[in-house]
Protein chains: 2
Amino acid sequence: MDMTVSQAQIKAGAAAPKRPRGRPRKNEEDRGDGNRRGELLRSAARLFRRQGFDATSTRDIAAAVGMRSGSPFYHFESKSALLYAVMEEGMRSAIAKQSAVMTTAAAASTKVRLDAAMQLRALIRNHFNILLGHGNDFIPVMLYEARSITRSQRTALAHLQSTYEAPWTPVLHALHASGHLKADVKIARLLIFGALNWSVQWFDRRKGVSLDELTDESMKLFTGAP
Amino acid sequence: MDMTVSQAQIKAGAAAPKRPRGRPRKNEEDRGDGNRRGELLRSAARLFRRQGFDATSTRDIAAAVGMRSGSPFYHFESKSALLYAVMEEGMRSAIAKQSAVMTTAAAASTKVRLDAAMQLRALIRNHFNILLGHGNDFIPVMLYEARSITRSQRTALAHLQSTYEAPWTPVLHALHASGHLKADVKIARLLIFGALNWSVQWFDRRKGVSLDELTDESMKLFTGAP
DNA sequence: CCTACCGATCGGTAGG
DNA sequence: CCTACCGATCGGTAGG
């Protein structure tokens, strides 16, 4: 720390004292607001969503957080590692929000056996929020840029997606058993996710319809009752 | 035609006889199987769908039809003009197929007032075929690469899309009036298209489920009855 | 995290 | 439709 220049010079041929190289340790990058990695993730998500992955250069991302062109590679191995990080962060956050919502829904219910329709409503409402809520670019990026990650990354993501989708299946089975859902559960789940996910393409926050209304209409469409 | 070299040389400074330059006339490019433009369109559609627009180079497309790197620009002004041509061709073909289907459905019916559920079924079945049928890459490209065309191209496409969607609205209104569709018609249409369009992401032709089954389950999900 | 840079690739064009 | 080419941009890296 207090080593003088002359002392350093005595070690002839030894490396001069440098700032640490390489990517920062996990607990370094996660703490505080000096979280440049997080800023990169958020900016990358916004740009990837707006322009697409291929049309966004690492220079664009660097500029968005006030860095020079080469600096994102201090935080991420490659551009596609950055894309995958956006997707993974999006899925982890979505899974966390969904469990919180389901826990709350369960606690609010006075019945031992939860009403399946109410649960589906909670799942759909939360899903719309994840897709369309303000500043939520991570999941849209995951949905529409899956082509640009490697096969093994896709496999890893598929596990997170299974975790996310898991709570939907028993709810749909219950609704099928009670006659509220007529279609085959497996295909219904795929069609329902499609209907919801596609909203990213047309939903306009400024145009009147609220996420609650969207949820009501979805429930009517899929189960015949709000 | 029979002008000799010496005759040509007499016209000092005049342009020597050349093969015609520029893009071919409309009636030239549309006739016969020497339709290189059509081959370019089909190959571009396949590559754009597989790899995405940005990840596909004009060299890839040229190679796919056995051309050299610069030759696609003989047929199309630019790469994005090629993309737009794929989308437009996709929409025109889809509109044509849909009208044919609706005409047939009307002719097959003995009732003056067509059954709305039967019409919706026909529309959905045809839509699945357009999305998932063998070699149909044009519409998937249109659905997932809209970001890469210009605003004015998007406006032009929107007109074609309105034409395509037009027959759906009265059918959905009829089903709403008869109580088979509970949701708001406008939102229902958006959600239904989402459910269908998303199938491009997960449908696997080799995995058992047929387009007819998919249509049945869709009808059950949206109207409660196959 | 910055400076300075490299090799590769890409859309597009002139001229035949 | 081919040949030969150009300018621009891009992901990524060495070294500090």
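Between A/S57 and D/dT9, a side-chain N or O to OP1/OP2 separation shorter than 4.0 Å is absent. When the side-chain nitrogen and oxygen atoms of A/R59 are compared with OP1 and OP2 of D/dT9, none of them lie within a distance under 4.0 Å.
Nucleic acid contact class of A/S80 (heavy atoms, under 4.0 Å, all strands): none.
Counting only distance, with no hydrogens or angles, the side chain of B/N136 and the backbone of B/N129 share a donor-acceptor pair below 3.5 Å. Of the possible donor and acceptor atoms, one in the side chain of B/T56 sits under 3.5 Å from a partner among the backbone N and O of B/L47.
Going from atom NE2 of B/H75 over to atom C1' of C/dG12 covers 16 Å, rounded to whole Å. The CG atom of B/N35 sits 10 Å away from the P atom of D/dC1 (whole-angstrom rounding). Protein atom CG of A/L47 is 12 Å distant from nucleotide atom P of D/dG11, rounded to whole Å. In this entry the distance linking CD of A/E39 with P of C/dC1 reads 8 Å, nearest Å. Rounded to a whole Å, the NZ atom of B/K79 is 4 Å from the P atom of C/dG11. The nearest whole Å value for the distance from the CG atom in B/D54 to the C1' atom in C/dT9 is 14 Å. Rounded to a whole Å, the OH atom of A/Y74 is 18 Å from the P atom of D/dG12. When rounded to the nearest whole Å, the span between CZ of A/F76 and C1' of C/dC1 equals 14 Å.
Distances were taken from every side-chain heavy atom of B/F73 (C-beta onward) to each of D/dG11, C/dT13, C/dC1; the shortest belongs to C/dT13. For B/S69, taking side-chain heavy atoms from C-beta onward, the closest of the listed nucleotides D/dC2, D/dG11, C/dG12 is C/dG12.
Base pairing analysis places D/dC5 opposite C/dG12; the two distances defining the Watson-Crick or G-U wobble pair are each below 3.5 Å.
Ring geometry, B/W198 versus A/Y144: the interplanar angle exceeds 60°, so the pair is classed perpendicular (tilted spans 30 to 60°).
A salt bridge is defined here as a Lys NZ or Arg NE, NH1 or NH2 lying under 4.0 Å from an Asp or Glu carboxylate O, and A/E39 with A/R42 fails to meet this definition.
More than 12 heavy-atom neighbours from other residues, nucleotides or ligands sit within 6.0 angstrom of CZ on B/R147.
Checking B/M67 against A/G70, the closest nucleotide of DNA chain D that is more toward the 5' end is the one next to B/M67.
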